[in-house]
Asks: 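Just dropping this structure here.
As the structure is a prediction and not an experimental result, all values here were calculated from the model. The first residue in the sequence is number 1, and the count goes up from there.
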Amino acid sequence: MNEKKIVLIEDNPDHAELIAEALGDGDTENNIILLSGGIEAIDFFEGCSVEDQIENRIRLIVVDIKLAKIGGMDILKFIKKSSRYCKIPVIIFSASSDQETIDEAYKNGANGYFIKPIDHAEFIEKIKILKKCC
């Protein structure tokens, strides 16, 4: 089973739909797992059993920083401290352009940080760049 998995952690339904649609972009090889918040993300990663071997198929994790209850930075730290998931690239895709936040994300192991643009066409272009990461 060689299907790629992209885990998308995004609580804005409109952004999630746009990102998932652009990441999929007719490419049936990509399988998007959409998680709508921090708690759901932690539950997902903790619930993946070794027998499932899902961690070996996840090729990319895309995380929004501003999530309710458990924020994206905490998700990033959780993933990068996990022996099962630490090698999976994590890209932050956030509206926050605060340099301290960006620096903190890289300090905590982010493999990239993309600022969500306001313009729809630019938003799609950023997602196409994300797709190349996996």
Side-chain angles (χ1 to χ4, degrees):
M1 191 180 292
N2 286 335
E3 73 182 13
K4 295 183 205 175
K5 300 254 185 215
I6 298 172
V7 176
L8 172 59
I9 307 164
E10 172 63 69
D11 61 352
N12 180 314
D14 294 332
H15 289 180
E17 184 179 340
L18 262 177
I19 295 166
E21 192 175 294
L23 283 172
D25 196 29
D27 184 357
T28 56
E29 197 176 332
N30 283 316
N31 187 3
I32 314 295
I33 298 169
L34 177 60
L35 306 172
S36 62
I39 292 173
E40 186 179 356
I42 296 294
D43 289 347
F44 171 80
F45 287 111
E46 286 181 342
C48 289
S49 67
V50 176
E51 297 82 37
D52 289 337
Q53 301 265 325
I54 197 162
E55 66 271 16
N56 294 323
R57 295 189 317 244
I58 296 172
R59 297 292 178 245
L60 178 66
I61 301 169
V62 180
V63 183
D64 186 7
I65 284 289
K66 295 181 180 177
L67 300 168
K69 299 191 181 178
I70 298 176
M73 198 67 72
D74 291 325
I75 302 290
L76 172 64
K77 291 176 190 176
F78 172 84
I79 291 166
K80 291 302 180 177
K81 288 181 181 175
S82 166
S83 61
R84 291 173 69 193
Y85 303 110
C86 65
K87 293 181 182 171
I88 300 170
V90 178
I91 304 293
I92 303 298
F93 196 53
S94 178
S96 176
S97 61
D98 176 61
Q99 190 59 51
E100 284 183 34
T101 303
I102 295 168
D103 292 344
E104 183 181 355
Y106 282 115
K107 180 181 152 225
N108 287 311
N111 298 90
Y113 192 106
F114 289 81
I115 299 167
K116 291 178 184 174
I118 295 173
D119 178 70
H120 177 75
E122 190 179 344
F123 194 92
I124 297 300
E125 283 305 309
K126 293 268 185 174
I127 296 166
K128 287 180 180 178
I129 294 169
L130 278 176
K131 189 174 180 178
K132 291 178 183 178
C133 294
C134 64

Asks: Could you tell me whether the side chain of Met73 reaches within less than 4.5 Å of the side chain of Thr101, counting heavy atoms only?
Replies: yes

Asks: CD1/Ile79 to CD1/Ile61 distance, rounded to the nearest 0.5 angstrom?
Replies: 3.5 Å

Asks: Identify the two heavy atoms, one from Ile88 and one from Leu60, that lie closest to each other, and give their separation to 0.1 Å.
Replies: CG2-N, 4.0 Å

Asks: Measure the CD1-CD distance between Ile19 and Glu10 for me, rounded to the nearest 0.5 Å.
Replies: 4.5 Å

Asks: Got a sec: does the CD of Glu100 have more than 12 other heavy atoms crowding it under 6.0 Å?
Replies: no

Asks: Quick one, Ile92 and Leu76 - any side-chain contact, counting heavy atoms below 4.5 Å?
Replies: yes

Asks: Taking only residues two or more places apart in sequence, or in another chain, which ones meet Ser36 in a side-chain hydrogen bond (donor to acceptor under 3.5 Å, both in side chains)?
Replies: Glu40

Asks: Write down the atom of Ser94, the atom of Ile65, and the distance for their closest heavy-atom approach.
Replies: OG-CB, 3.5 Å

Asks: Can you tell me which residue pairs pass the side chain to side chain donor-acceptor pair (under 3.5 Å) test with a partner in residues 70-80, sequence neighbours excluded?
Replies: Lys80-Asn111

Asks: Which class fits the ring pair Tyr106 and Tyr113: parallel under 30°, tilted 30 to 60°, perpendicular over 60°?
Replies: tilted

Asks: Taking all non-hydrogen atoms of both residues, which atom of Ile75 and which atom of Ala41 are closest, and how far apart?
Replies: CD1-CB, 3.8 Å

Asks: Are side-chain heavy atoms of Ile70 and Ile42 found at a separation under 4.5 Å?
Replies: yes

Asks: With rounding to the nearest 0.5 Å, note down the distance linking CZ in Arg59 to CD1 in Ile6.
Replies: 11.0 Å

Asks: Hey, what do you get for CG (Leu35) to CD1 (Ile9), rounding to the nearest 0.5 Å?
Replies: 5.5 Å

Asks: Using every non-hydrogen atom in the two residues, find where Phe45 and Tyr85 come nearest and quote the distance to one decimal.
Replies: O-OH, 2.9 Å

Asks: Can you measure from NZ (Lys5) to CG (Asn31) and round to the nearest 0.5 angstrom?
Replies: 4.0 Å

Asks: With Ile32, which of Val7, Val62, Leu8 fulfils side chain to side chain contact (heavy atoms under 4.5 Å, CB included)?
Replies: Leu8

Asks: So which heavy atom on Leu67 is nearest to which on Gly38, and how close?
Replies: CD1-N, 4.1 Å

Asks: What's the separation between atom CD1 in Ile115 and atom OG in Ser96, rounded to the nearest 0.5 Å?
Replies: 7.5 Å

